[in-house]
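Below is one structure, written out as structure tokens; the observations come after it.
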Amino acid sequence: GVGVWGVSSFRAHAAEHDLSRIGQGQPAVVQIHDPTCSMCTALQRQTRRALRCDFAQAPVYLVANIRSDDGAAFATRHRVPHVTLMIMDGDGAVQEVLNGVRQRDELKTIFEGHFGTEV
């Protein structure tokens, strides 16, 4: 049981950090994240809670870890700091950039505006 959980957890973590998924047809919420930053961790917690809602177009949640080469390059290319969320359409075009910690309810409202609500 523990082995299955570990493999599943690793796969989920790897998928969440796979920035090549951007622009593959599914909208995305990309967090520019520093794992040593408490504000980043708070934003991540609130974002995950907000994304538990049912949206008409379910977005993929991705993490651009600025401590990794890919994450740092992504943040630099888009000229955004950590503690930032980027909302991207299915083609990978930036729709909105949100800086700073936001609460679940505020994020849910913003996400509903981009991804619609379940019908």
Side-chain angles (χ1 to χ4, degrees):
V2 172
V4 171
W5 176 83
V7 169
S8 176
S9 179
F10 174 78
R11 286 185 183 154
H13 177 80
E16 199 171 79
H17 288 77
D18 182 4
L19 300 177
S20 71
R21 296 170 65 194
I22 296 170
Q24 301 298 314
Q26 189 173 8
V29 175
V30 183
Q31 180 173 350
I32 312 306
H33 182 73
D34 179 345
T36 66
C37 169
S38 62
M39 291 190 325
C40 289
T41 303
L43 177 60
Q44 187 173 55
R45 184 173 40 256
Q46 294 301 319
T47 302
R48 285 181 171 153
R49 287 178 181 159
L51 288 172
R52 287 185 192 140
C53 301
D54 291 323
F55 299 104
Q57 289 184 286
V60 60
Y61 174 66
L62 300 170
V63 175
N65 179 346
I66 64 169
R67 301 276 178 183
S68 73
D69 291 340
D70 287 343
F74 182 87
T76 299
R77 184 171 55 254
H78 290 283
R79 297 184 176 139
V80 292
H82 65 291
V83 196
T84 298
L85 293 177
M86 297 179 66
I87 300 173
M88 306 178 95
D89 67 16
D91 295 324
V94 177
Q95 301 298 300
E96 188 169 355
V97 176
L98 306 169
N99 294 308
V101 177
R102 309 285 180 113
Q103 297 303 307
R104 176 201 174 270
D105 290 340
E106 179 185 4
L107 290 171
K108 180 183 173 207
T109 300
I110 293 168
F111 295 161
E112 285 173 344
H114 286 279
F115 310 124
T117 56
E118 188 66 45
V119 288

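For the numbers below, each heavy atom of this structure counts, side chains included, while hydrogens, waters and symmetry mates do not.
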A42: partners by side chain to side chain contact (heavy atoms under 4.5 Å, CB included), with sequence neighbours left out: R45, V101
Partners meeting side chain to side chain contact (heavy atoms under 4.5 Å, CB included) with D105 (sequence neighbours left out): none
Distance (rounded to the nearest 0.5 Å) between Q103 CD and R49 CZ: 8.5 Å
Co-membership, hydrophobic cluster, residues M39 and I32, 4.5 Å side-chain: no
Review item, side-chain donor-acceptor pairs of residues 56-69, under 3.5 Å, at least two apart:
from: Y61; atom 1: OH; to: Q31; atom 2: OE1; distance (Å): 2.6
from: N65; atom 1: OD1; to: R67; atom 2: N; distance (Å): 2.7
from: R67; atom 1: NE; to: D34; atom 2: OD1; distance (Å): 3.1
from: R67; atom 1: NH2; to: D34; atom 2: OD2; distance (Å): 3.2
from: R67; atom 1: NH2; to: T36; atom 2: OG1; distance (Å): 3.0
from: S68; atom 1: OG; to: N65; atom 2: O; distance (Å): 2.8
from: S68; atom 1: OG; to: G71; atom 2: N; distance (Å): 3.0

Flag side-chain contact, heavy atom, 4.5 Å: L107 against V29: no
Salt bridge (charged side-chain N to carboxylate O under 4.0 Å, His left out) partners of D89, counting only residues at least two apart: none
For F55 against G116, the heavy-atom pair lying closest together: CD2-O, 3.2 Å
hydrophobic_cluster_shared for V80 and V30, side chain cutoff 4.5 Å: yes
Salt bridge (charged side-chain N to carboxylate O under 4.0 Å, His left out) involving E96 - partner list, sequence neighbours excluded: none
Close side-chain approach of I110 to L85, heavy-atom, < 4.5 Å: no
Side chain proximity check, F111 to I87, heavy atoms < 4.5 angstrom: yes
Partners meeting ring pair (Phe, Tyr, Trp, His ring centres under 6.0 Å) with H114 (sequence neighbours left out): none
Within 6.0 Å of CZ in R79, more than 12 heavy atoms from elsewhere: no
Which residues share a side chain to side chain donor-acceptor pair (under 3.5 Å) with N99, sequence neighbours left out: T84
Minimum-distance pair of heavy atoms, taken over all atoms of A15 and R21: O-NH1, 2.8 Å
Residues forming a salt bridge (charged side-chain N to carboxylate O under 4.0 Å, His left out) with R104, sequence neighbours excluded: none
Contacts of S20 that satisfy side chain to side chain contact (heavy atoms under 4.5 Å, CB included) - sequence neighbours left out: D18
Side chain to side chain donor-acceptor pair (under 3.5 Å) against Q46, all qualifying residues, sequence neighbours excluded: none
Student check: side-chain heavy atoms of H78 and M88 closer than 4.5 Å: yes
Co-membership, hydrophobic cluster, residues V83 and M86, 4.5 Å side-chain: no
Shared hydrophobic cluster, V97 / F74 (ILVMFWY, side-chain heavy atoms < 4.5 Å): yes
Side chain to side chain donor-acceptor pair (under 3.5 Å) partners of E106, counting only residues at least two apart: R102
